[in-house]
Chemist: 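Okay, here's the structure, questions in a sec.
Owing to the predicted nature of the structure, the values given are computational and were not obtained by experimental measurement. Protein chains get the first letters and strands the later ones, always in sequence-line order, with residue 1 at the start of each.
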Number of protein chains: 2
Amino acid sequence: MALEHAILVSLAERSASGYDLARRFDASIGHFWKASHQQIYKVLGRMESDGWVESQVVPQDGRPDKKVYVITDGGRAELVLFTSKATPPEHLRSEFAVKLRALPFGDAAAIVDDVRVRRRSHEQQLAYYADSAARFYPHPDDIPDHALGGWLVLRGGMLAEQAGIAWCDEILQRLAGDEDDER
Amino acid sequence: MALEHAILVSLAERSASGYDLARRFDASIGHFWKASHQQIYKVLGRMESDGWVESQVVPQDGRPDKKVYVITDGGRAELVLFTSKATPPEHLRSEFAVKLRALPFGDAAAIVDDVRVRRRSHEQQLAYYADSAARFYPHPDDIPDHALGGWLVLRGGMLAEQAGIAWCDEILQRLAGDEDDER
DNA sequence: CGTTGCACTGCAACGAGTTGCATAGTACGG
DNA sequence: CCGTACTATGCAACTCGTTGCAGTGCAACG
C-alpha cells in the first residue's frame, strides 16, 4: 500500500515517466522499497484514475515517446494525509531466521556458508550507503530541510546493515568457532 | 515461499494442529514470520498433497475435533534441501522510510509523533525478547545444539530492535532537537 | 548486415497474503 | 437464557507483487 506513496514522493521531488521511476527505484529509493516496472505502470494507471497524478505524452526523437507523470493537488493532499496517519507496525519477515531455526534439521555447513555470503552482502550494501552519504551529504551536520529525509533514510539503511553484520558475526562465532575473521 | 518451511520447522520440533501452529506463530516464531490461521490452513492443505506432512483427525471431548499434522520423510528432506540452498537476498521494505522521505511534503509534527511511537514499540519488543532470552536461555554460553537456532534468532531480533531504536534516536535528534529524552 | 542492448510501454497469469465470513460445540458470567 | 469468548476448521473475494511475454524503434558492435 506504500508503493503509491513512494511514487508520490518521487514525483513530488520531480516529475517523471514510468520508466524513469523504475530506474529511480533501482537506485536510491529502491533500496528501501523495491518495485518492478510492470508494477509501477500498473499503479501509475490506478493513481491517475484516482486523480493523484496527471500524465502527458512527450514525443522524443531518437527514442520512443514517453508518458510523463506530474503530481496533482489531490496527490499532494494524499501525501499529507499519509504522513499524518500513524504507520502500522512493521514486523520483520526473515526467511533467514526460518533457516536458522531449521539448523538441527538441515545442512549446518551450508547454512554457515550462507551466513558468510550474507555478511558480505551486508558489507557491500553498507559500503554503498557510506559512499552515497559521502557523495550526496558531504556535510552531515549542515543538511538543508528538503534533503533531511533522504539523509535519515540512508542512516537507517546503514544502521540496519551494521546490525545485520553484527548478527552474522555472532552466528559465525557460535557455528564456525570464528576461525576465519576474513577481511 | 518460506511459510511452508517455517511450518515444517515447527512440525519437526513438535507435531501440531493448524490451530496450534497459528498460536505458535503468534508467540515465538511469529515474531520473525507472521501468518494468519487462514493462510496456515491453506498451506497445510497444499503441503499435505505435496507429501510433506500427514494428518490425522483426533477427537477431543469438550472441544471440537482437531487435525494433527506430522512431518513426513519427504518433509524432512525438503527441509534439508531448503537449508542447503542459498537464501535469496532480502531487501528491506519500509513504509516508514517512505514516510521519512515525504518529510518536506507532509506533516512533520505528525511524523515526529510517529517516530516516538515507533521507538516505544521497538523498546517493548526488545524488552520482550530480553525476557524470552532470560527465561528460555538462562545460560547463553552453554546452549545445546538443538536450541541454538532459537537463540540466534532471538539475538537477531534484539539486534534489529536496537538498531531501530538507534535510528529513531537519530531522527528525533534531528527533527525534535532531542528536548525530551523520555524514559 | 545481423545481433545485442537500451529506451519505452504494457498485458496476462499466477502466487502470496489479507479481510471478511461461516460453522459448531463448550464454557462462563450476568 | 442470552451474549460473549474460546477451541477448531475452513471458504471466497480481494489486493499486492512476481514472472513471463510482447512490441517498437534506435544505436553500437562485430
Chemist: Thr83(B): which residues meet the side-chain hydrogen bond (donor to acceptor under 3.5 Å, both in side chains) condition with it, sequence neighbours left out?
Modeler: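 If we apply the side-chain hydrogen bond (donor to acceptor under 3.5 Å, both in side chains) test to Thr83(B), skipping adjacent residues, there are no hits.
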Chemist: Taking the six-membered ring for Trp, are the ring centroids of Tyr19(B) and Phe25(B) within less than 6.0 Å of each other?
Modeler: no
Chemist: Measure the distance from CD on Gln60(B) to P on dA24(C) and round it to the nearest whole Å.
Modeler: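 To the nearest whole Å, that distance equals 18 Å.
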Chemist: From NE2 of His5(B) over to P of dA16(C), roughly how many Å is that when rounded to an integer?
Modeler: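 Between P of dA16(C) and NE2 of His5(B): 11 Å.
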Chemist: Taking the six-membered ring for Trp, are the ring centroids of Trp52(B) and Tyr69(B) within less than 6.0 Å of each other?
Modeler: no
Chemist: Would you kindly compare Leu3(A) and Pro64(A) by the position of their nearest DNA chain D nucleotide and give the one closer to the 5′ end?
Modeler: Leu3(A)
Chemist: Provide, to the nearest angstrom, the distance between the CG atom belonging to Leu21(A) and the C1' atom belonging to dG10(C).
Modeler: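 Atom-to-atom, Leu21(A) to dG10(C), this comes out as 15 Å.
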Chemist: Could you run down the sub-3.5 Å N/O contacts of the protein with nucleotides 20-23 of chain C?
Modeler:
{"from": "dG20(C)", "atom 1": "O6", "to": "Gln38(B)", "atom 2": "NE2", "distance (Å)": "3.3"}

Chemist: Counting only non-hydrogen atoms, which of residues 42-58 of chain B are less than 4.0 Å from DNA chain C?
Modeler: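 Only Lys42(B), Arg46(B) qualify.
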Chemist: Partners of Gln39(A) by side-chain hydrogen bond (donor to acceptor under 3.5 Å, both in side chains), sequence neighbours excluded?
Modeler: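 In terms of side-chain hydrogen bond (donor to acceptor under 3.5 Å, both in side chains), with neighbours along the sequence ignored, Gln39(A) is linked to no residue.
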Chemist: Whole-Å distance between dG10(C) C1' and Lys67(A) NZ?
Modeler: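 For the pair Lys67(A) NZ and dG10(C) C1', the rounded distance is 9 Å.
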Chemist: Tracing side-chain links under 4.5 Å among I, L, V, M, F, W and Y, which residues wind up in one group with Val57(A)?
Modeler: none
Chemist: More 5' along DNA chain C: Arg23(A) or Trp33(B), using each one's nearest nucleotide?
Modeler: Arg23(A)
Chemist: Reading DNA chain D from 5' onward, which residue's closest nucleotide shows up sooner: Asp20(B) or Arg93(B)?
Modeler: Asp20(B)
Chemist: Could you tell me how far apart Glu90(B) (CD) and dA16(C) (C1') are, to the nearest whole angstrom?
Modeler: 16 Å
Chemist: Holding to side chain to side chain contact (heavy atoms under 4.5 Å, CB included), I want the full list of residues that pass it with Val80(B), two or more places apart in sequence or in another chain.
Modeler: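 Not a single residue meets the side chain to side chain contact (heavy atoms under 4.5 Å, CB included) criterion with Val80(B).
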Chemist: Could you tell me which residues satisfy side-chain hydrogen bond (donor to acceptor under 3.5 Å, both in side chains) with Arg118(B), sequence neighbours excluded, listed by chain and number?
Modeler: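 Counting only residues at least two positions away or on another chain, Arg118(B) forms no side-chain hydrogen bond (donor to acceptor under 3.5 Å, both in side chains).
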Chemist: Determine the minimum heavy-atom distance between Ala2(B) and Val98(A), stating which atoms define it.
Modeler: O-CG1, 4.3 Å
Chemist: Output all residues satisfying side chain to side chain contact (heavy atoms under 4.5 Å, CB included) with Ala16(A), sequence neighbours left out; order by chain, then residue number.
Modeler: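 Residues passing side chain to side chain contact (heavy atoms under 4.5 Å, CB included) with Ala16(A): Leu11(A), Asp20(A), Leu21(A), Arg24(A).
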Chemist: Would you say Ser17(A) places a side-chain N or O within less than 4.0 Å of OP1 or OP2 belonging to dT9(C)?
Modeler: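 Affirmative; the distance criterion is met.
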Chemist: Which heavy atom in Ala102(A) sits nearest to a heavy atom in Val9(B), and how many Å separate them?
Modeler: CB-CG2, 3.6 Å
Chemist: In this structure, is the centre-to-centre distance between the rings of Tyr128(A) and His31(A) below 6.0 Å?
Modeler: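 Here the rings of Tyr128(A) and His31(A) have centres that are less than 6.0 Å from each other.
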Chemist: Sort and list the pairs that fulfil side-chain hydrogen bond (donor to acceptor under 3.5 Å, both in side chains) and have at least one residue in residues 130-159 of chain B, not counting sequence neighbours.
Modeler: Glu170(A)-Arg155(B), Asp131(B)-Arg135(B)
Chemist: For DNA chain D, report each stem as range with range, ordered by first number, or say none. Use Watson-Crick or G-U wobble pairs under 3.5 Å, at least 3 in a row.
Modeler: C:1-30 with D:1-30
Chemist: Starting at CD of Gln39(B) and ending at P of dT19(C), how long is that distance when rounded to a whole Å?
Modeler: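 Distance, rounded to whole Å: 11 Å.
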Chemist: Using the heavy-atom set of chain B and a strict 4.0 Å cut-off, write down the first and last nucleotide of DNA chain D that makes it in, 5' to 3'.
Modeler: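 Under 4.0 Å from chain B, the extent on DNA chain D is dT7(D) to dG17(D).
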Chemist: Name all residues meeting the side-chain hydrogen bond (donor to acceptor under 3.5 Å, both in side chains) criterion together with Asp114(A); count only those two or more places apart in sequence or in a different chain, and write none if there are none.
Modeler: Lys99(A), Thr87(B)
Chemist: May I ask you to test the Leu103(B)-Ile111(B) pair for a side-chain heavy-atom distance under 4.5 Å?
Modeler: yes
